[in-house]
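Computed over heavy atoms, backbone and side chain alike; hydrogens, waters and symmetry mates excluded.
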Amino acid sequence: MKKVFSSIWFRCISVLLCISIIAGGGLALLNDVLYVSPEERTARSIKKIYGTVVEYDSLLDADIDGAEVIYSDEMGEITKVFRIGEESSNSYDMLFKSTGNNGYKGGTITLWVKVVFEGTTYKIDKVVLESFTKQTLMSKLDGSFYSGFLIDVTDAYKNGELFSATDSSSENYNPISGATFSANSAVNAVNLVLKCINDKGWEK
């Protein structure tokens with residue numbers, strides 16, 4: 001029995017077991033300490049867009065409400081919709097987290113799209129990159145590309161005036177050289193926001 005406890009195999013297994021226990025306990029502790037709730041992640045994202053903490057009303061939040069409230073179609077999906085300001089006032093913002101499909105290698109691009117409502121008109125005021133999958137030329141989609149979305153879009157979806165990265169005859173043609181597929185994914189994310197506004201998709 002003494003030889004078993006002093007053998008090299010026993011000592012190796014004992015060391016590995018101790019490391020596993022310590023590492024597992026450490027990871028569990030870090031997971032609790034570093035955990036960020038969906039509400040906190042949202043607050044951080046909104047602060048990044050506005051530069052300060054703002055109050056908002058959650059109209060649609062898939063992380064909290066559940067997958068059944070996701071607004072989606074072949075273009076992609078919208079998983080968060082927030083209103084900043086009072087809807088009864090003459091001016092307020094709507095903030096959308098939208099993921100566009102059909103990017104490079106079938107990947108996606110997720111954007112935050114800020115739309116300012118003023119009376120009966122609305123315009124895209126800011127577009128901010130949140131994340132992406134499989135896209136290798138994201139540096140091509142610079143500030144000038146995203147600024148191409150910042151226009152009045154009150155009747156864009158109704159009139160079929162959607163954004164396009166490929167159709168030069170489109171009213172809202174927004175091309176990008178060398179990263180057409182990625183640009184197409186970003187365009188889909190913004191167009192889905194226009195569709196959601198037209199349908200009032202957060203009320204579904």
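- Judged purely by distance below 3.5 Å, without hydrogens or angles, the side chains of Asp167 and Ser169 pair a donor atom with an acceptor atom.
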Requested in this report: Give the C-alpha distance, both sets of side-chain angles, the deciding distance and a yes or no for side-chain contact (heavy atoms from CB on, under 4.5 Å) between Ile46 and Leu95.
Outcome: CA-CA 9 Å; Ile46 294 177; Leu95 193 59; 3.7 Å; yes
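- Taking hydrophobic clusters as Ile, Leu, Val, Met, Phe, Trp and Tyr residues chained together by side-chain heavy-atom distances below 4.5 Å, Trp202 shares a cluster with Met75.
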Query - Derivation and outcome, side-chain contact (heavy atoms from CB on, under 4.5 Å), residues Ile109 and Met138 - result: CA-CA 10 Å; Ile109 291 179; Met138 290 302 296; 3.8 Å; yes
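- Atom SG of Cys196 is separated from atom CG of Leu194 by 10.0 Å, given to the nearest 0.5 angstrom.
- Taking the six-membered ring for Trp and thresholds of 30 and 60 degrees, Phe82 and Tyr56 have ring planes more than 60 degrees apart, a perpendicular arrangement.
- Taking hydrophobic clusters as Ile, Leu, Val, Met, Phe, Trp and Tyr residues chained together by side-chain heavy-atom distances below 4.5 Å, Tyr92 shares a cluster with Phe96.
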Requested in this report: Mind running side chain to side chain donor-acceptor pair (under 3.5 Å) on Ser185 and Thr108 for me, showing each step along the way?
Outcome: CA-CA 6 Å; Ser185 180; Thr108 64; 5.8 Å; no
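- Looking at heavy atoms from C-beta onward, Thr79 lies out of side-chain contact with Tyr71 at the 4.5 angstrom threshold.
- Side-chain atoms of Thr121 and Thr154 form no donor-acceptor pair, as typed in the model, at a separation below 3.5 Å.
- Annotation: side chain of Asn198 is in contact with side chain of Lys158 (closest heavy-atom distance under 4.5 Å).
- In this structure, Glu203 contributes its side chain and Gly201 its backbone to no donor-acceptor pair below 3.5 Å.
- A donor-acceptor distance shorter than 3.5 angstrom exists from the side chain of Asn174 to the backbone of Phe145, with no hydrogens or angles considered.
- Thr180 contributes no side-chain N or O that, together with a main-chain N or O of Thr166, makes up a donor-acceptor pair within less than 3.5 Å.
- Val193 has its side chain out of reach of Phe149: every pair of non-hydrogen atoms, C-beta onward, lies at least 4.5 Å apart.
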Report task. Report the C-alpha distance between Asp125 and Val113 in whole Å, list the side-chain angles of each, state the deciding distance to 0.1 Å, and finish with yes or no for side-chain contact (heavy atoms from CB on, under 4.5 Å). Result -> CA-CA 8 Å; Asp125 180 73; Val113 181; over 6 Å; no
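- A donor-acceptor contact shorter than 3.5 Å links the side chain of Asn191 to the backbone of Phe163.
- Considering only heavy atoms from C-beta on, Lys80 comes within 4.5 Å of Trp112 through its side chain.
- Between Tyr122 and Ile197 the shortest side-chain heavy-atom distance falls below 4.5 Å.
- Using a 4.5 Å heavy-atom cutoff, the side chains of Val187 and Asn172 are not in contact.
- In the model, Thr99 has a side-chain atom that pairs as donor or acceptor with a side-chain atom of Thr110 under 3.5 Å.
- Residues Leu129 and Leu141 fail the side-chain proximity criterion, which asks for heavy atoms closer than 4.5 Å.
- A 4.5 Å side-chain heavy-atom check between Phe117 and Ser91 finds every atom pair outside the cut-off.
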Query raised in the report: Going through the checks in order, is the side chain to side chain donor-acceptor pair (under 3.5 Å) test met by Ser144 and Asp142?
Result: CA-CA 6 Å; Ser144 62; Asp142 56 14; 2.6 Å; yes
Query - Trace of the side-chain contact (heavy atoms from CB on, under 4.5 Å) decision for Val116 with Met94 - result: CA-CA 6 Å; Val116 176; Met94 295 282 284; over 6 Å; no
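- For the atom pair OG (Ser98) and CD1 (Ile78), the distance works out to 4.5 Å, reported to the nearest 0.5 Å.
- When every heavy atom of Ala186 is checked against every heavy atom of Leu111, the shortest pair comes out as O-CD1, 3.7 Å.
- Residues Thr133 and Gln135 approach most closely at O-NE2, 2.7 Å, considering heavy atoms.
- Under a hydrophobic-cluster definition in which Ile, Leu, Val, Met, Phe, Trp and Tyr are linked whenever side-chain heavy atoms come within less than 4.5 Å, directly or via other members, Leu162 and Ile151 are assigned to the same cluster.
- Counting non-hydrogen atoms of other residues, nucleotides and ligands closer than 6.0 Å to OH of Tyr146 gives a total above 12.
- Using modelled atom types and a 3.5 Å distance limit, the side chains of Asp93 and Tyr50 yield a donor-acceptor pair.
- Shortest non-hydrogen contact noted between Ser45 and Glu130 is OG-OE1, 4.2 Å.
- A donor-acceptor contact shorter than 3.5 Å links the side chain of Ser89 to the backbone of Glu86.
- What you find for Ala183 and Ile176 is that their closest heavy atoms are CB-CG2, 3.0 Å.
- Taking every heavy atom of both residues into account, Asn102 and Glu74 meet most closely at ND2-O, 3.8 Å.
- Note that NZ of Lys47 and OG1 of Thr52 are 7.0 Å apart. Values are rounded to the nearest 0.5 Å.
- Side chain of Lys195 to main chain of Tyr157: no donor-acceptor pair is present (N/O by atom type, distance under 3.5 Å, no hydrogens or angles).
- Side-chain contact, Tyr104 with Asn184: no donor N or O sits under 3.5 Å from an acceptor N or O.
- No more than 12 heavy atoms of other residues, nucleotides or ligands lie within 6.0 Å of NZ in Lys123, so this atom counts as exposed by the packing criterion.
- If you take OG on Ser72 and CG on Leu192, they are separated by 8.0 Å, rounding to the nearest 0.5 Å.
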